[in-house]
There are 2 protein chains.
Amino acid sequence: MLSSITTQRNGHGNQLLDALPRAQRERILSNAQRLRLGVRTVLFEPGQTISNVYFPLDVVISLVTPLQDGAIVEVATVGNEGVVGVPLVPGGSLAVRAIAQVAGHSLRMSASDFLAATNEHDIFEELVRRYVQAFVGQVAQAAACNRLHSNEERLSRWLLMSHDRVGVDEFAITHEFLGQMLGSRRATVTLSAGILQAAGLIRYQRGEITILDRAGLEAVACECYGVIKAELDQVITRTREAPLDDRTPAHV
Amino acid sequence: MLSSITTQRNGHGNQLLDALPRAQRERILSNAQRLRLGVRTVLFEPGQTISNVYFPLDVVISLVTPLQDGAIVEVATVGNEGVVGVPLVPGGSLAVRAIAQVAGHSLRMSASDFLAATNEHDIFEELVRRYVQAFVGQVAQAAACNRLHSNEERLSRWLLMSHDRVGVDEFAITHEFLGQMLGSRRATVTLSAGILQAAGLIRYQRGEITILDRAGLEAVACECYGVIKAELDQVITRTREAPLDDRTPAHV
DNA sequence: CCTGGTCAGTACGCTACCGTACAGTGTCCT
DNA sequence: AGGACACTGTACGGTAGCGTACTGACCAGG
C-alpha cells in the first residue's frame, strides 16, 4: 500500500503541487507518502482532530455530512485539483466525514508537516488559501444545488465532476452509493441513470459506469457544474497570474 | 449612518472581538467604523473583490448563493458570533452574496486593515481561523439540511438562529423573504409559519415576528440548529482554553 | 377618504420525489 | 454446477412541496 515517492512528474500528479516550482515541491513532499485508497476508506470523521492531509492523484474523495438518522449527504468532492483536510489551526478538525468515493492514489503528509510547509513556502500557502476559498464556494453552491435542482441534474453534475477527477472514462460506482451522495433513494438514482443511459450519455452495469458523452451530460447537468469548475480552475490560474509582490514570484 | 467608536463594552459587541484582550481590541478597531445596515443591504456579490470586513453587532447577515434562474438559497447566517467577508488572500472574493437579513449595527473595517490585524495579533488570527473552520461546517450542515429536512424544521432552525443573533424577541421578516432564505415558496412558508403560530411558538403580523417559545421551536427544529450552534460556540471557548504560544505547530 | 402597495391566507391540480418491497440478473465462491 | 450475494429494474401508494392565482387585511401617502 505504501511506496516511496521521489519525483512527481508534471501533469500526472496533484494540480496544487504541480503548480509549485519543482524544488519547492520536492522539498514539501520529502515527508509525504504515496498510498492507495480503496473505495469507502474513511480519512476522518466530523470533529476528529486532523492528523493527516491528503493530496489526491487519481482518487476521488467525497466530503459528506452525516445526519443523526444515519443519512449522509455529499457537500463537496475533492480530486487532484485540491487537498483534503486542511487544518486552519493546529489541532483543528472539520465538521465532515472524508471518504474515498472512487478508489485511487493519493499523497499523504502529516498535518504538522503540512502547516510547517505553508509557513515556509509563501506560494504554497497562497495556493492552499485560494483553494480553501474555492472549496467554501463549492460547498455553498452544493447547498443551493441540493435544495433546488432535480435528481437528474445533480446526478449528471456528480458524474462530470468525478469524470474530471479520475481521468478515465470508466470507473466503479453503484447506484446505492450514488444515492447516498445525492441524498436520494437508490431507486431514484436507477431511474435517473436509466434516462441518461437511454439517451446514450452513459453506460453502466453492475457498479461499473462509463461516460460516453460529456457534452450531453453537461447539457443535462445544472449550472453548478460549470460554476464550481470555473471556481476551482481559478485557484491555479490566479495564483500564477498574480503572485504577491513581497513573495517570490511564481514565474521567475 | 456612521458614528465613531471608541470603546466596546464587553457583552454588547461582537463575540470574536470581545474575546480579545481590551488593548488589542481597541488597537484593531482603531480604523473601524460603526454603521447601521438596513434590511436587504447587500455587502458584496459573488466573485466581487472583498474590500470590507464586517463584524455584526445586532445585525443578521445572510450569505446566499444566487442561481441562474434568479432563485437564491441561504447557505449560512452570520451575527455577532462571527465576521463577514474574511479574505483568505489579499484581493480575494467569496462565491456568495452577503445581504442584511434583519437590520442592525455592525463594525466595518477595510480588508487590508483586517489582514494587517490578523498578521499582527496571533490570538486574533487564531480566532478568525477557528471561525472560518466553523463557518465551513455551518455551510456543510446547511447543504445536508437543505436536502433532507422539511420546510417546518428548517423554518424553526432559521428562526432560532436569527433569534440568537438579534438578541430580541421581535424582529422584522416577511414570509416572502423567508421563502427565499429557505429555498421554498412564500405560500409554503405561510403554511409552516401558521403551524408554528397555532402551536403558540411564534406570533407574527405584517412582517413582524415574535418568538414566544424557544424550547418549543427547538423541539420542532432539526438537529442542525444544535450542531451549528455547538460548532460556533467552540470558536470562542477553544481559543480561550488553548491559545497558541507562538506560531510554531502545536506538537513539535 | 380613497387608492395603491405590501403582506398573509388559501386553494387546486400537479410532479418529483419518498418508503417499501419484490423480482430479475450478473458475479463470485465453493 | 449450485448457491450466495450484490446490484439493478420496477411497481405502487403516499406526500411534501411546487406553480399559479385569487382574496382579503393592513398600512402609508396623496
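Letters go in sequence order (proteins before strands), and every chain restarts at 1.
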Please check this pair: side chain of [X] against backbone of [Y], looking for a donor-acceptor N/O pair closer than 3.5 Å.
| X | Y | result |
| --- | --- | --- |
| B:T65 | A:A140 | yes |
| B:E152 | B:V220 | no |
| B:E208 | B:R206 | no |

Check: Does the side chain of B:N151 pick up a donor-acceptor pair with the side chain of B:S184 at under 3.5 Å?
Finding: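 Checked: B:N151/B:S184 side chains pair up, N/O donor to acceptor below 3.5 Å.
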Hey, can you pull the donor-acceptor pairs under 3.5 Å for the side chains in residues 48-57 of chain B, sequence neighbours left out?
residue: B:Q48; atom: OE1; partner: B:E45; partner atom: N; Å: 3.2

Checklist line | Cation-pi check, B:R40 onto B:F177 ring (under 6.0 Å, within 45° of axis) | finding: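 Yes, B:R40 sits over the ring of B:F177.
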Margin query: How would you summarise protein contacts on nucleotides 3-15 of chain D per nucleotide, using B for base, S for sugar-phosphate only and - for none, with heavy-atom distances below 4.0 Å?
Written below: ---BBBBBB----
Next item on the list: Specify the angle, to 10°, made by the local axes at the two ends of the helix from C:dC1-D:dG30 to C:dT30-D:dA1 when five pairs are taken at each end.
Entry: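 The angle separating the two end axes equals 30°.
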Next item on the list: Could you tell me which non-hydrogen atom of A:H149 sits nearest to which non-hydrogen atom of A:R154, and how far apart they are?
Entry: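 Answer, listing the atom of A:H149 first, then A:R154: O-NE, 3.0 Å.
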Length of the line joining [X]:[atom1] and [N]:[atom2], which is rounded to integer Å:
| X | N | atom1 | atom2 | answer |
| --- | --- | --- | --- | --- |
| A:L148 | C:dT15 | CG | C1' | 16 Å |
| A:E153 | C:dA16 | CD | P | 11 Å |
| B:Q180 | D:dC18 | CD | P | 13 Å |
| B:I209 | C:dT6 | CD1 | P | 21 Å |
| B:R147 | D:dA16 | CZ | P | 15 Å |

Notebook entry, point to check: Got a salt bridge between A:D164 and A:R214, using NZ or NE/NH1/NH2 to carboxylate O under 4.0 Å?
Noted result: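 A salt bridge links A:D164 with A:R214.
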Notebook entry, point to check: Touch check for B:G183, heavy atoms < 4.0 angstrom, all strands: base, sugar-phosphate only, or nothing?
Noted result: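 Sugar-phosphate contact only - B:G183 comes under 4.0 Å of backbone atoms but never of a base.
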